[in-house]
Amino acid sequence: MENKDQKNIAPTLIFIFGGSGDLNHRKLTPALFNLFADGFLDANFKIFGIGRTDYSDQDFRSHLLEGIKSFSRRPYEKDGPWDSFQEHLFYLQMDAGTGAKKDFSVIEKKIKETEKEWGMKPNILFYLSVKPQLFPVIAKGIATIQDTHHCSKCRIVIEKPFGHDLESAVELNQLLKELFDEEQIYRIDHFLGKETVQNILAFRFANALFEPIWNNKYIDHVQITAAETVGVEERGEYYETSGALRDMIQNHILQVLCMVAMEAPVSFDANEIRNKKVDVLKAIRIYNKEEIREYAVRGQYNAGWMMGKQVKAYREETNVSPNSNTETFAAVKFMIDNWRWNNVPFYVRSGKFMHEKLTTIIIQFKETPKYSFPSEAAETWRANRLIITIQPENDIRLMFQAKRPGQTMSLNPVEMVFNYNDTFKEPQPEAYETLLLDAICGNSTQFMRNDQVEAAWKVVMPILESWQNRISVDFPNYSPGSWGPEESDAMIAKDGRSWINTSNQRSSKGS
Ligand code: BG6
């Protein structure tokens with residue numbers, strides 16, 4: 001494994017399947033461009049976009065430049081780094097969906113030519129940014145290329161969704177295992193590349209303050225919210241096969257939950273961290289049918305208004321069935337049956353067209369005895385709360401009680417805030433920058449191992465099956481711009497708690 005602190009990592013060849021697609025345009029090439037501009041890519045690197053679209057290298061570069069102009073963290077500048085970066089971009093027109101050796105020999109030829117040109121064997125990254133149906137056939141095609149087997153310098157990065165359910169994930173894992181070593185396989189979950197998500201480990205394990213109280217003695221419950229203000233946009237066809245539980249909870253949210261709930265790793269070794277995360281997933285309670293009705297809620301957005309614009313109901317979106325049973329919102333109460341988390345609910349929710357864009361983790365601490373204070377003093381008392389906001393803000397807020405200035409003992413909740421952007425002036429890398437650099441350097445810590453993906457599927461499968469077999473009679477059941485269906489509030493209210501939304505998270509500031 002190379003150390004990414006040392007800039008200019010080893011010569012690298014990157015082949016992006018789905019090169020003419022949206023993800024490459026919006027995320028992958030802008031990320032690679034920023035890595036280049038930050039000096040991480042060696043002078044010897046080449047990026048080949050692979051697709052069926054008929055592009056010349058020049059057309060491809062122009063197409064990607066549009067992506068840089070719209071989506072790059074570092075703005076495009078005339079006579080800036082783009083000019084030299086683009087010389088490393090190439091396009092290969094081919095139908096990778098055949099998986100045939102004769103088609104993949106084009107790639108093999110490029111590898112051989114480059115080895116000759118550079119006089120050495122480079123790192124090779126195959127990035128699968130294609131429809132999941134194509135993963136197996138492309139993986140087989142890659143395996144026809146000489147030297148891709150058991151070669152630690154040759155890695156294959158697979159986008160989500162990894163499988164449609166447990167069975168298909170197991171099947172895909174088995175196929176990949178026959179073709180490559182597990183160490184060569186990088187299953188990406190872009191949430192794990194977000195700075196604030198990575199900071200959870202530092203926050204928990206590099207400070208003496210929090211870990212001793214990070215358990216069921218002090219924590220009442222945890223809430224994880226990933227709310228979006230967009231609908232399904234142009235992705236109706238994909239979303240119909242997915243839904244909020246598969247699209248966000250099975251992967252992103254469960255991964256964040258693992259970071260919050262895992263035991264301390266003894267080292268930062270990739271397998272050690274992943275072992276600790278798998279332990280959490282395996283300890284999550286698997287619900288029976290009755291429990292699913294009680295602890296899992298689904299929703300689908302109706303037509304309405306979103307930020308002053310009229311929006312369609314999900315069932316009216318392009319490529320969506322008018323009777324669709326697909327959920328665009330899901331909320332689940334998870335229980336982790338281990339010593340640390342016994343009886344501490346983890347409430348998670350995610351939805352499209354929600355009130356605001358917000359990804360947040362809330363650690364709600366238990367009430368403390370208030371008897372020593374006069375009852376008037378404690379009127380606005382609120383139990384301690386830690387709020388980790390992943391986006392749009394990047395901050396951590398600790399809420400505690402303070403005495404209000406004056407001659408009487410009156411208490412008020414206040415906040416102590418750590419804001420990333422105010423504290424660290426250097427720009428934050430995008431999640432895809434971090435993860436691509438890790439993959440280039442051979443660091444798989446923030447990527448999912450085969451058993452991790454399968455354990456996450458095991459957690460959600462009973463809910464998915466129950467929802468699939470039980471047509472939702474009340475869809476659509478929430479308005480755009482709301483916090484989801486009423487059932488979601490009712491689910492948490494049964495436990496005497498409520499969802500903590502931004503408006504009441506931040507309102508306490510100095511009030
Ligand atoms: C993707 C989902 O994995 O994550 C999308 O497929 C979702 O539906 C996106 O919009 C959210 O990512 P982010 O980084 O914008 O929160």
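Side chains included, hydrogens not; waters and symmetry mates left out as well; all remaining heavy atoms used. The shown structure was predicted, so the numbers you read here are calculated from the model rather than taken from an experiment. Remember, it's 1-based here, ligands and their atoms both numbered in the order they're listed.
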Excluding sequence neighbours, so at least two apart, what forms ring-ring contact (aromatic ring centres under 6.0 Å, His included) with Tyr55?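 For Tyr55, the residues satisfying ring-ring contact (aromatic ring centres under 6.0 Å, His included) (neighbours in sequence not counted) are His63, Tyr91.
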Taking only residues two or more places apart in sequence, or in another chain, which ones meet Phe191 in a ring-ring contact (aromatic ring centres under 6.0 Å, His included)?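 Result, ring-ring contact (aromatic ring centres under 6.0 Å, His included) vs Phe191: His252.
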Centroid-centroid under 6.0 Å between Phe447 and Tyr186 rings: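 Under 6.0 Å, so yes.
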Between Phe210 and Phe203, what is the ring plane arrangement, given parallel below 30°, perpendicular above 60°, and tilted in between?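 The rings of Phe210 and Phe203 lie parallel, inter-plane angle below 30°.
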So, the side chain of Asp181 versus the backbone of Gln184: is there a donor-acceptor pair under 3.5 Å, distance only?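 No, Asp181 side chain to Gln184 backbone: no donor-acceptor pair under 3.5 Å.
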Run through all N or O atoms in ligand 1 and write down each protein N or O closer than 3.5 Å, as a pair with its distance.
{"unit_1": "ligand 1", "atom_1": "3 (O)", "unit_2": "Lys160", "atom_2": "NZ", "d": "2.8"}
{"unit_1": "ligand 1", "atom_1": "3 (O)", "unit_2": "His252", "atom_2": "NE2", "d": "2.7"}
{"unit_1": "ligand 1", "atom_1": "6 (O)", "unit_2": "Lys160", "atom_2": "NZ", "d": "2.9"}
{"unit_1": "ligand 1", "atom_1": "6 (O)", "unit_2": "Arg235", "atom_2": "NH2", "d": "2.8"}
{"unit_1": "ligand 1", "atom_1": "6 (O)", "unit_2": "Asp247", "atom_2": "OD1", "d": "2.6"}
{"unit_1": "ligand 1", "atom_1": "6 (O)", "unit_2": "Asp247", "atom_2": "OD2", "d": "3.4"}
{"unit_1": "ligand 1", "atom_1": "8 (O)", "unit_2": "Arg235", "atom_2": "NH1", "d": "2.8"}
{"unit_1": "ligand 1", "atom_1": "8 (O)", "unit_2": "Asp247", "atom_2": "OD2", "d": "2.6"}
{"unit_1": "ligand 1", "atom_1": "8 (O)", "unit_2": "Lys352", "atom_2": "NZ", "d": "2.8"}
{"unit_1": "ligand 1", "atom_1": "10 (O)", "unit_2": "Glu228", "atom_2": "OE1", "d": "2.5"}
{"unit_1": "ligand 1", "atom_1": "10 (O)", "unit_2": "Glu228", "atom_2": "OE2", "d": "3.3"}
{"unit_1": "ligand 1", "atom_1": "10 (O)", "unit_2": "Lys352", "atom_2": "NZ", "d": "3.2"}
{"unit_1": "ligand 1", "atom_1": "12 (O)", "unit_2": "His190", "atom_2": "NE2", "d": "3.2"}
{"unit_1": "ligand 1", "atom_1": "14 (O)", "unit_2": "His190", "atom_2": "NE2", "d": "2.8"}
{"unit_1": "ligand 1", "atom_1": "14 (O)", "unit_2": "Lys194", "atom_2": "NZ", "d": "2.6"}
{"unit_1": "ligand 1", "atom_1": "15 (O)", "unit_2": "Lys357", "atom_2": "NZ", "d": "3.4"}
{"unit_1": "ligand 1", "atom_1": "16 (O)", "unit_2": "Gln391", "atom_2": "NE2", "d": "2.5"}

Table please: side-chain donor-acceptor pairs of residues 65-73 below 3.5 Å, with sequence neighbours left out.
{"unit_1": "Ser70", "atom_1": "OG", "unit_2": "Glu66", "atom_2": "O", "d": "3.0"}
{"unit_1": "Ser72", "atom_1": "OG", "unit_2": "Asn34", "atom_2": "ND2", "d": "3.2"}
{"unit_1": "Ser72", "atom_1": "OG", "unit_2": "Arg74", "atom_2": "N", "d": "3.1"}
{"unit_1": "Ser72", "atom_1": "OG", "unit_2": "Arg74", "atom_2": "O", "d": "2.6"}
{"unit_1": "Arg73", "atom_1": "NE", "unit_2": "Glu433", "atom_2": "OE1", "d": "3.4"}
{"unit_1": "Arg73", "atom_1": "NE", "unit_2": "Glu433", "atom_2": "OE2", "d": "2.8"}
{"unit_1": "Arg73", "atom_1": "NH2", "unit_2": "Asp38", "atom_2": "OD2", "d": "3.0"}
{"unit_1": "Arg73", "atom_1": "NH2", "unit_2": "Glu433", "atom_2": "OE1", "d": "2.8"}

